[in-house]
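Structure first, then comments.
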There are 2 protein chains.
Amino acid sequence: MANIKTVAKHAGVSVATVSRFLNNKDYVSQEAKAAIERAIKELNYRPNQVARSLTTKQTNIIGLIVPDITNPFFPQLARAVEDTALSLGYTVVLCNSDEQEEKEKLYIERLRQTYVAGFIVASNLISEQSYLELNIPVVALDRKDNSQLPYVSTNNFEAAKLGSAYLIERGATNLICLSGPQNAGTFAERAKGFEAAMTDNVSYRIVEGDLRYQYAFESTKEALAQDRTIDGVFACSDYAALGALKAIQEAGLRVPEDVQVVGYDGIELGDMVLPGLTTVAQPVYGLGETATRMLISKLEDKEIQQTRVVLEASLCVRGTTK
Amino acid sequence: MANIKTVAKHAGVSVATVSRFLNNKDYVSQEAKAAIERAIKELNYRPNQVARSLTTKQTNIIGLIVPDITNPFFPQLARAVEDTALSLGYTVVLCNSDEQEEKEKLYIERLRQTYVAGFIVASNLISEQSYLELNIPVVALDRKDNSQLPYVSTNNFEAAKLGSAYLIERGATNLICLSGPQNAGTFAERAKGFEAAMTDNVSYRIVEGDLRYQYAFESTKEALAQDRTIDGVFACSDYAALGALKAIQEAGLRVPEDVQVVGYDGIELGDMVLPGLTTVAQPVYGLGETATRMLISKLEDKEIQQTRVVLEASLCVRGTTK
DNA sequence: ATGAAAGCGCTAACAG
DNA sequence: CTGTTAGCGCTTTCAT
C-alpha cells in the first residue's frame, strides 16, 4: 500500500503539500493539485487512518451504545445511525451493553483507547456524569429529558398520556402500566404520562421492573393471575407490549375484546404480529438520524448547536385496541 | 493519559523493557516486572492501541458483516459474536450491508484502512473471491457450504428436509417453499432439502426471491390468491415465516388448521408470536461463538485449524403445525 | 536481560 | 504557496 511519501515523490512535491491537499488546508496551487490527484489515482493511494489518528488524536469512529440489541427497537435505531454516519464519513461501532454496567464500561474504555470521536448513548446504565467526564462529545438518545447531555427524544410524557387515554376512551377501566426502572430512562416520564391520563372512574397500577420481553411476559402473567378483570395494558416499550400480549393470550383472554394493549416505540414488528399492536409510535429513523447529525455537528464544531431536540411521537392504532 | 515513556521513567527502566513486559516477549527480570507493574498501576496506564497498530499493522478489531440487521436472527448472532470477541480481547464492528453491495464494500474499505484484524461474513452479496483477495483472515458464517473460506453453518440440507417432511407428516399436501436467491447463500441448500422431502402424493412449488419480511408477506399473499388450497409453507428463514404467517392470517385462513407453517433459524421471536412458530432451530449462539473462536484462532496462529464446522439444527415444534 | 534508536504514516509548526 | 522537520506512542532490531 502506497503511503504519503511515495505520493509526494510521484507528484514531485513534499509530503506536507500532499497532506494539505488531503485535508483541504491552506492553499495548494492548481498544478500541485493536479499532480497529486494523478499520483493518488495511479498509486491507488488511501490515507492511513491509523497514522492520522495517532497524530491528531482523533478518529471518525462513533460509538453507539444500546442496552439490548435483541430488542428490535435498537436495530432499527442502529440502522438509522449507521446510515447517517456512513454517509457523512463516519463509522459506527455498535456497543451492546446487554444491560450490564461492566460491559458498557469495557466498551467505553476500549473505544477510548482508540480515540473514538464521540458517543451516542441510548442506554441508561451509566450516569451522565461518567459520560461528561469522558470529555468527548456525547449525545443522549431516547434517554431522560432532564439530561445535562445534549439529547434527542420524543415527548414521552405527552405521548404516553395520549396512548393511555386512548385505552380509557375505548372502554378500559382496570389498567396496568408496564414501566422500566424509575430511576433512569424515559420510562419514568412515560409512566407519569400514563398516570396523568387516568380518570376518576378507572383503577390502575404501575408495575415497575425490567422491560425486556421475558420480564414483561412474566409480570403480566402474574398481574393477570391476581386480577382477571384487568382490561387494559399500557407498556412503555413495544417489546414489553409483545410480552404482555403473549401472556394475555396464553391466559386464554382475547385481545382486544377482553384486554386491550398499547405499546410505545413503533417498531416494525408491531405490524407483524396478529392482532397488530396499537402503539405510540416514535419516529425511529428520525431519532437516530437527528442524534447522529447532532453529534457530528459537535465533532466538527459546526455553528448550529441545538442541543435538545424533542420529536413528536404519535398514536398508531392497530388491532390490540377496540 | 500516561504513555510508555513515563511508565519507563517511573519504573527506572527503558521503554523497550516496558514494551517487552506488555507483550510478554523475551525475558524481563523479576525486579523490572515488579517495578513496571507498580508504575502502570500508579499511573493508571493503558497502552495506546492506535500507536500499537501503526507499528504492528494489526488491530484487535473484527468486522462482522450482516445483510440485514432488522432481521432478528442477526442481532442474536451479533450478540454471540460480540460476547465471545469481547471476552477474548477483541472489539467487533457491526457492519450492516443492508443488502447493498456498495455499502458492504464501503465498510470493507474503511475497516481495511484501520488495519482490521479479520472479518466474519454472514452476508452473501460479495463473492468469496473478493474476500480472499483481502489477504486477511475471514470466516464465513451461515453462508454456502462449498465455500473456499473457512466456515461454520448448520446442516442446511438435512435440517430443511426434516422440517419439510414434518409438514407432510402432519398432513400437508400442497406446499410452497419460500426461498432466497438461489445463486448464493444457504437458501439453495435449504430449498433442495425441502424438495428432497417431497413425496409423490403431494404437490409443491418453490418461490424464489428476497427473504425479507415484506417480500415473504407479499409472495405468500400472492400464492394464496392464486391457490387457496395451499396447506403448508416452509420458509427458509423465520423472518420470512413471520411474513407468511401474517399473509395467511390476513387472508382469513387459520394456522395451523388450514395452513401449517415451518420456518428456519430458531429466533426468539418465533416463540413470541401466536401461534408460536414451528421451526428448524439453529444453535444461534453456538454459530456465532464458533465462528468467532475460529477467526481468533486464525488471527493468533493457533494450531487447531478446523476450518469447516457444521452444527446441527433441530426441529422445534410449536403452534404453527398440527 | 536491557537500552538506544529507527521507523510505522501522518500532521503541524516553522521557515521561507 | 511550499518544503523541512519534529513528533504522536509504540515495537523492534541491533548492540551491549
Side-chain angles (χ1 to χ4, degrees), chain A residues 1-37 39-40 43-61 89 109-117 136 300-301, chain B residues 1-37 39-40 43-61 89 109-117 300:
Chain A
M1 192 73 174
N3 61 20
I4 199 171
K5 218 165 148 188
T6 36
V7 172
K9 200 172 293 174
H10 237 76
V13 298
S14 75
V15 293
T17 305
V18 178
S19 174
R20 283 183 196 111
F21 170 84
L22 254 22
N23 298 289
N24 273 312
K25 282 200 176 167
D26 305 334
Y27 289 97
V28 176
S29 69
Q30 287 305 324
E31 304 98 74
K33 265 187 193 162
I36 294 171
E37 258 161 6
I40 288 180
L43 298 165
N44 188 232
Y45 167 75
R46 307 263 149 238
N48 179 321
Q49 295 302 334
V50 174
R52 205 173 235 182
S53 299
L54 185 60
T55 324
T56 61
K57 299 187 183 307
Q58 288 260 340
T59 60
N60 48 187
I61 294 174
E109 195 189 318
R110 287 257 176 95
L111 288 184
R112 209 62 223 295
Q113 283 172 46
T114 67
Y115 298 129
V116 63
I136 59 174
E300 299 179 348
D301 276 330
Chain B
M1 193 73 173
N3 63 17
I4 200 171
K5 217 164 148 189
T6 36
V7 172
K9 200 171 292 172
H10 237 76
V13 299
S14 75
V15 294
T17 306
V18 178
S19 173
R20 285 194 270 260
F21 169 84
L22 255 22
N23 298 290
N24 272 313
K25 282 201 178 167
D26 305 333
Y27 290 97
V28 176
S29 69
Q30 288 305 324
E31 304 98 74
K33 263 187 194 165
I36 294 171
E37 257 162 6
I40 288 180
L43 298 166
N44 188 233
Y45 168 74
R46 306 263 148 237
N48 179 320
Q49 295 301 334
V50 174
R52 204 172 236 182
S53 299
L54 183 59
T55 335
T56 61
K57 297 187 183 312
Q58 289 260 340
T59 60
N60 48 186
I61 293 175
E109 194 189 319
R110 288 256 175 97
L111 288 184
R112 208 64 223 293
Q113 283 172 46
T114 67
Y115 298 129
V116 64
E300 299 178 349

Looking only at atom types and distance, does a side-chain atom of [X] sit under 3.5 Å from a main-chain N or O of [Y], one as donor and one as acceptor?
| X | Y | result |
| --- | --- | --- |
| B:Ser53 | B:Gln49 | yes |
| A:Thr17 | A:Val13 | no |
| B:Asn23 | B:Lys25 | no |
| B:Ser19 | B:Val15 | no |

From [options], nucleotide with atom closest to [X] side chain:
| X | options | value |
| --- | --- | --- |
| A:Leu22 | C:dT11, D:dT11, C:dG3 | C:dT11 |
| B:Arg20 | D:dG3, D:dT13, D:dC10 | D:dT13 |
| B:Tyr45 | D:dC8, C:dA4, D:dC10 | D:dC10 |

Could you state the atom-to-atom distance from [atom1] of [X] to [atom2] of [N] in whole Å?
| X | N | atom1 | atom2 | result |
| --- | --- | --- | --- | --- |
| B:Lys9 | D:dG9 | NZ | P | 13 Å |
| B:Phe21 | D:dC10 | CZ | C1' | 16 Å |
| B:Arg52 | D:dC8 | CZ | P | 18 Å |
| B:Gln49 | D:dG9 | CD | P | 14 Å |
| B:Gln113 | C:dC8 | CD | C1' | 16 Å |
| B:Ile36 | C:dA1 | CD1 | P | 13 Å |
| B:Asn24 | D:dT11 | CG | C1' | 14 Å |
| A:Gln58 | C:dC10 | CD | P | 17 Å |

Strictly below 4.0 Å: does [X] bring a side-chain N or O up to OP1 or OP2 of [N]?
| X | N | result |
| --- | --- | --- |
| A:Asn23 | C:dT11 | yes |
| A:Ser14 | D:dT2 | no |
| A:Lys5 | C:dC8 | no |
| A:Lys25 | C:dT11 | no |
| B:Asn48 | D:dG9 | no |
| A:Ser19 | C:dA12 | no |
| B:Thr17 | C:dG3 | yes |
| A:Lys57 | D:dG9 | yes |

Exercise. Closest nucleotide of DNA chain C for B:Gln30 versus for A:Ala2: which of these residues is on the 5' side?
Worked result: B:Gln30

Exercise. Which residue, B:Ala51 or B:Val15, contacts DNA chain C at a nucleotide closer to its 5' end, judged by nearest heavy atom?
Worked result: B:Val15

Exercise. Taking for each residue the nucleotide of DNA chain D bearing the nearest heavy atom, is the 5' side occupied by A:Glu31 or by A:Tyr115?
Worked result: A:Glu31

Problem set entry | Nearest-nucleotide 5' precedence on DNA chain D, A:Leu54 against B:Thr56 | A:Leu54

Problem set entry | hbond_proxy B:Arg46 side chain to D:dG9 base (donor-acceptor, 3.5 Å cutoff) | no

Problem set entry | Base C:dG9 paired with A:Thr55 side chain (donor-acceptor, <3.5 Å) | yes

For this session: Would you give the length of the straight line joining atom CD1 of B:Ile61 to atom OH of B:Tyr115, rounded to the nearest 0.5 angstrom?
Result: 12.5 Å

Exercise. Can you list the steps and then say if A:Leu22 with A:Ile4 is a side chain to side chain contact (heavy atoms under 4.5 Å, CB included)?
Worked result: CA-CA 10 Å; A:Leu22 254 22; A:Ile4 199 171; 4.2 Å; yes

For this session: Could you check if a side-chain atom of A:Ile40 sits within less than 4.5 angstrom of a side-chain atom of A:Ile36, using non-hydrogen atoms only?
Result: yes

Exercise. Using a cut-off of 4.0 Å on non-hydrogen atoms, how would the nucleic acid contact of B:Val50 be classed: base, sugar-phosphate, or nothing?
Worked result: nothing

For this session: Using a heavy-atom cut-off of under 4.0 Å over every strand shown, decide if B:Val18 touches base, sugar-phosphate, or nothing.
Result: nothing

